[in-house]
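What follows is a set of notes on a single structure, which appears directly below.
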Amino acid sequence: MSSLSVEFAGVTFKNPLVLASGTCGFGREYAEIFDIKRLGGLASKGLTLNARAGNEGLRIWETNSGIMNSVGLENPGVRAFIERDLDWVNGLGVVNIVNLGGHSIEDYIEGVRLLNSVKLDILELNISCPNVKAGGMNFGVKTELAREVVRKIRATCKHKLSVKLSPNAEDIVALARACEEEGADGISLVNTFLAMAIDLEGRKPVFGNTYAGLSGPAIKPIALRMVHQVAHSVKIPVMGMGGVVSWRDAIEFIMAGASIVQIGTGNFIKPDISLDIIDGIEAYLDAEGIGSVSEIRGIV
Amino acid sequence: MSKILSNHRMNEDFYLMRAEHQNDARPGQFYMLRAWGREPVLSRPISVFDADGDTVSFLYKVVGRGSAIFASLSADDEITLQGPLGNGFPNVTGKVAMVGGGVGIAPFYLAGKRLKASGVQVSIYLGFSGEPVLVSEYERAAGELVVKVGGFITDSVEPSDYDSIFACGPEVMMRSLYKKCKERGAADNLFVSMENRMACGVGACLVCSCKTADGNKKVCKDGPVFKGEAVFGL
Ligand SMILES: Cc1cc2nc3c(=O)[nH]c(=O)nc-3n(C[C@H](O)[C@H](O)[C@H](O)COP(=O)(O)OP(=O)(O)OC[C@H]3O[C@@H](n4cnc5c(N)ncnc54)[C@H](O)[C@@H]3O)c2cc1C
Ligand SMILES: Cc1cc2nc3c(=O)[nH]c(=O)nc-3n(C[C@H](O)[C@H](O)[C@H](O)COP(=O)(O)O)c2cc1C
């Protein structure tokens with residue numbers, strides 16, 4: 001039997017499959033449907049320092065081979081997560097990845113401080129958020145803005161830190177390198193692509209915020225290219241995601257250089273799709289006589 | 001996977017599908033239906049029209065690519081049914097009015113049947129824009145049945161005659177019924193079934209959030225049935 005176990009920044013995952021932030025809550029709902037303890041890890045819904053109600057109006061639109069979402073980081077806030085859900089997630093025996101967003105550097109830092117005092121495995125820093133103090137400019141678009149957040153958070157954060165990149169970055173390779181230089185332990189990519197749909201009858205955008213984030217199979221080839229570029233440009237490990245819905249997709253990401261593969265939109269196609277993918281990867285490795293999944297990482 | 005037992009066209013745009021599926025579904029609950037692989041990406045939420053322990057039926061309208069695929073299925077084809085999901089309508093007593101507009105009539109067949117059997121006085125109001133369907137079935141599920149083609153079905157309902165009012169249909173219909181209930185001091189008796197777009201169907205992704213008097217609620221998990229006051233009283 002091949003080994004599916006993977007190291008990521010010193011954290012051991014029993015297999016490379018992780019449920020992506022925002023698509024699985026804190027795991028409770030899926031735990032009622034399938035054995036989520038079989039997963040390699042779970043990335044929490046994106047938390048912010050204080051609770052957020054998220055965006056009003058329509059939040060989801062289906063496209064060809066994808067979906068656009070505009071949830072707007074609805075979440076109960078870091079404190080409520082710590083009180084209500086953290087112990088439960090830690091008890092699952094999967095790698096506990098806590099995803100944190102913020103709308104100012106101060107918010108991020110305060111969130112990181114609260115999380116410093118609790119047990120978790122990896123802090124995944126979502127920098128695809130508008131900086132309200134910089135006129136709404138997204139932290140994840142400009143390399144220098146991203147560098148500044150990562151530097152300040154690194155100085156505070158006691159946990160392993162994986163920075164989650166936006167595919168809307170002006171130069172994703174430069175931005176990933178900046179994160180590495182500022183001391184990130186890993187990189188997660190990609191978040192959703194800024195996209196749009198128009199309501200013809202109403203002659204207006206479908207979403208209240210005009211633009212929304214595209215995910216799912218539609219983005220896979222571009223996400224794969226970005227993972228390939230980043231994984232070949234930094235020495236820190238990469239968690240790849242974007243449209244993975246089959247074991248073949250997952251192997252592609254691994255061959256492109258990802259240590260870990262996250263599944264987001266795929267969970268909506270079939271709630272236990274990640275277990276099928278784990279089984280598929282294992283069967284593939286066995287059939288190919290590959291001893292460990294790490295052997296094929298980055299071979300392309 | 002569930003086996004389809006029958007799938008018939010009822011009128012211009014309504015279809016009725018019955019499938020083999022062990023269940024304990026309650027009126028007002030729904031399933032996420034899927035009869036394809038990865039495309040379209042999302043499964044489709046459809047209310048329980050009827051259910052016994054071994055089969056479940058859906059009344060659906062063809063509006064887009066997912067429902068068009070459902071309409072193309074035949075007996076013996078397979079479909080994935082995830083559910084039953086959501087809360088469903090409450091078990092009430094006394095006199096209840098069930099007001100359905102368009103395909104929003106779907107949950108009231110089972111709801112009427114079950115509540116009538118438990119001794120509740122059930123009046124069902126059905127609003128159609130085209131040819132009415134399943135009238136004799138709804139007659140059996142209700143003590144009293146009012147069918148209206150065109151116009152506003154809510155005009156036919158007198159909220160003060162009932163202890164509870166259930167509504168399902170276009171949001172404008174439910175909102176106007178809420179206003180009418182409010183005018184009669186009966187807003188607290190109104191329950192509405194919300195129809196927000198969904199992705200996971202189980203409460204994990206928050207794309208179907210609905211603003212209520214008690215904060216955001218997940219239509220798929222906390223709903224789809226809410227107090228009319230909580231949703232429209234804001
Ligand atoms: C709890 C609940 C119960 C429902 N019960 C029924 C029922 O019993 N019978 C019935 O005919 N319809 C019902 N609907 C509406 C039904 O889900 C949509 O008509 C259906 O999803 C349309 O899919 P489509 O692929 O044909 O349309 P498309 O327009 O191609 O769908 C595109 C996307 O939008 C979503 N969508 C489109 N219209 C609606 C809508 N009105 N409500 C929710 N999502 C929508 C689809 O699910 C899909 O994700 C219910 C909806 C909800 C939320
Ligand atoms: C409904 C939804 C909510 C999301 N919420 C978050 C979030 O809170 N934080 C975050 O970093 N990413 C969030 N994402 C992005 C996903 O984690 C993932 O990066 C993206 O969807 C691409 O992967 P996929 O194609 O497998 O879905 C969300 C995605 C979806 C579809």
Side-chain angles (χ1 to χ4, degrees), chain A residues 19-34 36 42 44-46 51-76 206 212-218 220 243 245-246 249 264-273, chain B residues 1-2 31-45 63-69 78-87 171-172 194-223 230-232 234:
Chain A
L19 300 192
S21 177
T23 63
C24 59
F26 304 119
R28 290 185 190 270
E29 293 80 16
Y30 286 123
E32 289 175 18
I33 301 176
F34 70 94
I36 69 169
L42 194 89
S44 76
K45 172 64 207 171
R52 280 175 61 88
N55 294 333
E56 296 206 4
L58 188 78
R59 290 184 173 187
I60 180 101
W61 192 255
E62 193 180 65
T63 69
N64 289 329
S65 303
I67 54 173
M68 282 186 259
N69 88 83
S70 181
V71 173
L73 287 185
E74 174 176 347
N75 81 93
V206 156
L214 179 66
S215 63
K220 197 203 89 179
V245 295
S246 69
D249 294 337
T265 305
N267 301 314
F268 307 149
I269 293 178
K270 185 170 183 286
D272 60 352
I273 199 166
Chain B
M1 291 284 244
S2 300
Y31 280 79
M32 292 297 276
L33 276 66
R34 191 175 190 93
W36 51 83
R38 293 174 196 149
E39 181 70 14
V41 170
L42 300 173
S43 303
R44 285 2 188 197
V63 299
R65 53 182 182 154
S67 47
I69 296 174
E78 305 246 278
I79 187 162
T80 303
L81 301 179
Q82 192 190 346
L85 303 168
N87 60 354
E171 204 167 306
V172 284
M194 299 304 287
E195 217 186 81
N196 293 22
R197 285 166 191 249
M198 297 178 175
C200 74
V202 296
C205 73
L206 308 182
V207 306
C208 68
S209 273
C210 169
K211 213 168 145 180
T212 77
D214 319 311
N216 282 0
K217 295 286 176 193
K218 305 165 178 180
V219 172
C220 67
K221 180 132 186 168
D222 305 319
V231 180
F232 297 118
L234 291 174

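Computed from a predicted structure; not experimentally measured. Chain identifiers are assigned alphabetically (A, B, ...) following the order of the sequence lines, protein sequences preceding nucleic acid strands; residue numbering begins at 1 within each chain.
- Taking NZ from A:K45 and SG from B:C205, the interatomic distance works out to 8.5 Å, rounded to the nearest 0.5 Å.
- Interatomic distance, B:K218 NZ to A:E29 CD, rounded to the nearest 0.5 Å: 4.5 Å.
- Of the possible polar contacts, one joining the A:E62 side chain to the B:L42 backbone as a donor-acceptor pair under 3.5 Å is found.
- Listed by first and then second residue, the side chain to side chain donor-acceptor pair (under 3.5 Å) pairs that reach into residues 199-211 of chain B are A:E56-B:K211, A:R59-B:S209, A:E74-B:S209, sequence neighbours excluded.
- Proximity to chain B involves both the backbone and the side chain of A:I269, based on heavy atoms less than 4.5 angstrom apart.
- For B:E39, the salt bridge (charged side-chain N to carboxylate O under 4.0 Å, His left out) partners are B:R65, not counting sequence neighbours.
- To the nearest 0.5 angstrom, A:W61 atom CH2 is 4.5 Å from B:R197 atom CZ.
- Proximity to chain B is limited to the side chain of A:Y30, based on heavy atoms less than 4.5 angstrom apart.
- Using a 4.5 Å cut-off between heavy atoms, A:V245 touches chain B through backbone and side chain atoms alike.
- Residue B:R34 touches chain A through its side chain alone, counting heavy-atom pairs closer than 4.5 Å.
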(request) Would you sort out whether A:I33 and B:Q82 count as a side-chain contact (heavy atoms from CB on, under 4.5 Å), showing the intermediate values? (result) CA-CA 10 Å; A:I33 301 176; B:Q82 192 190 346; 3.9 Å; yes
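- The most heavy-atom pairs under 4.5 Å with chain B, out of A:T63, A:I273, A:N64, A:N55, come from A:N64.
- Heavy-atom pairs under 4.5 Å with chain B peak, among A:P217, A:S65, A:G54, A:G22, at A:S65.
- In terms of heavy atoms, B:R38 sits closest to A:S246 at NH2-CB, 3.5 Å.
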